[in-house]
Amino acid sequence: MTTIGCVITAAGRGERLGGDLPKALQTVAGETLLTHATRLMASAPDVTAVVVAAPADHLAAARRAVADISGPQVTVVAGGATRTESVRSAVGHLPAGVTGILVHDAARPFVPPAVVTAVIAALAAGADGAVPGLPVVDTIKQVDAADVVVATPERALLRAVQTPQGFQAPLLREALADTGAEATDDSQLVERLGAAVRVVPGHPDGMKVTTPGDLVRAEEILQARRAHAD
Ligand code: C5P
C-alpha cells in the first residue's frame with residue numbers, strides 16, 4: 001500500500017520577490033501561496049500527512065495560513081538556513097511509516113493536480129523517484145567562473161524540473177542523513193545515491209513564483225481556472 005507524506009518548503013525569504021513578508025506568506029486572490037500549495041497537496045491521493053517548513057520568525061502566521069485545510073494532518077515546523085536544511089527538518093517530522101515522500105515548493109502553488117497524481121503514480125509503480133519536467137526552449141550553456149562557455153549540452157536531452165518531487169521514503173531519508181549534503185533540488189541528493197529518478201510531464205502552471213511579475217501570472221492562472229470551473 002502506498003502512503004505518502006508531503007513536505008512543503010516555505011522557509012525562504014523570497015528576496016527577488018520583494019515585499020515585507022516571506023514569499024510563501026504573500027497572497028494571490030486573497031490567500032497565501034502557502035495556503036494554495038498546502039490545499040493542493042493535502043487533497044492529493046494517498047497523502048496522509050503534510051509537514052510545512054516555515055520561516056522560524058513567522059511560525060504563527062504560517063499556522064494560521066494552513067489552519068482551515070481539511071484532510072490529512074498539517075504540521076508546521078521551523079525551516080532552516082538553506083532549502084535542503086528545511087527539507088531535512090520537515091522530513092524528520094513525517095510519520096515513520098510513510099512509503100513515499102513528496103517535496104513541494106510553496107512557491108509553486110498552482111501545479112495542476114494531474115501532475116501531482118503522475119508523480120505519486122510513478123512511485124506506486126516502483127520508481128525510486130519521480131520529478132515533473134518540461135523540455136527547455138533555450139539552448140543551455142555551461143560556463144566557468146569567468147563566464148566562458150565550457151559545454152553546450154544537447155538541448156533535446158534537457159528538462160527543466162519542477163516540484164512536487166517524489167521519492168521512495170527510505171531513499172530520501174538516506175540521502176538527507178548526510179548532514180553535509182546540499183542541493184538546489186531533492187532529486188540531486190537521491191541521484192547521488194545511484195537511484196533512478198524518472199521525469200514525468202510537468203506543466204507551465206507549475207512555474208515557481210520568483211519575481212513580482214510571477215505573482216501577476218499566478219493570479220491569471222487562478223482566474224482562468226475559476227472561469228473554466230463556472
Ligand atoms: O529560493 P527558492 O525560490 O529557490 O526557494 C524554493 C522553495 O524553497 C521556496 O518555496 C522557499 O520557501 C523554500 N526554501 C526553504 N528554506 C530555505 C530557502 C528556501 O524552505 N532556507
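Both ligands and their constituent atoms are indexed starting at 1 by order of listing. Note that the numbering runs from 1 along the sequence shown for the chain.
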Residue and atom name of the nearest protein heavy atom (relative to atom 10 (O) of ligand 1), distance in Å to one decimal: T9 O, 2.7 Å
D57 bridged to R13 by N-O distance under 4.0 Å: yes
Shortest protein heavy-atom distance from atom 20 (O) of ligand 1, along with the residue and atom involved: A11 N, 2.9 Å
Q73, CD: over 12 other non-hydrogen atoms inside 6.0 angstrom: no
Proximity of K23 to ligand 1 by residue part, where a heavy atom lies under 4.0 Å: side chain
Residue-ligand contact T82/ligand 1, heavy atom below 4.0 Å: yes
Which of the ligand 1 atoms, numbered from 1, are nearer than 4.0 Å to a heavy atom of A107: 10 (O)
Contact atoms of ligand 1, heavy-atom distance to A106 under 4.0 Å: 10 (O)
Nearest neighbour in protein (non-hydrogen) for atom 2 (P) of ligand 1: K208 NZ, 3.7 Å
Minimum-distance protein heavy atom relative to atom 14 (N) of ligand 1: G12 N, 3.4 Å
For atom 7 (C) of ligand 1, the protein heavy atom that lies nearest, with its residue and separation: D105 OD1, 3.4 Å
Lys/Arg-Asp/Glu bridge criterion (N-O < 4.0 Å) met for R39, D68: no
Per-atom contacts, ligand 1 versus S86 - under 4.0 Å to a heavy atom: 15 (C), 16 (N), 17 (C), 20 (O), 21 (N)
Within-shell test, R16 vs ligand 1, heavy atom, strictly < 4.0 Å: yes
Minimal non-hydrogen separation, V98 against A169, with atom names: O-CB, 3.3 Å
Nearest-contact summary for atom 21 (N) of ligand 1 - protein heavy atom, Å: G80 O, 2.9 Å
Proximal atoms of ligand 1 relative to A81 (non-hydrogen, under 4.0 Å): 21 (N)
Salt bridge present between R225 and D205 (N-O < 4.0 angstrom): yes
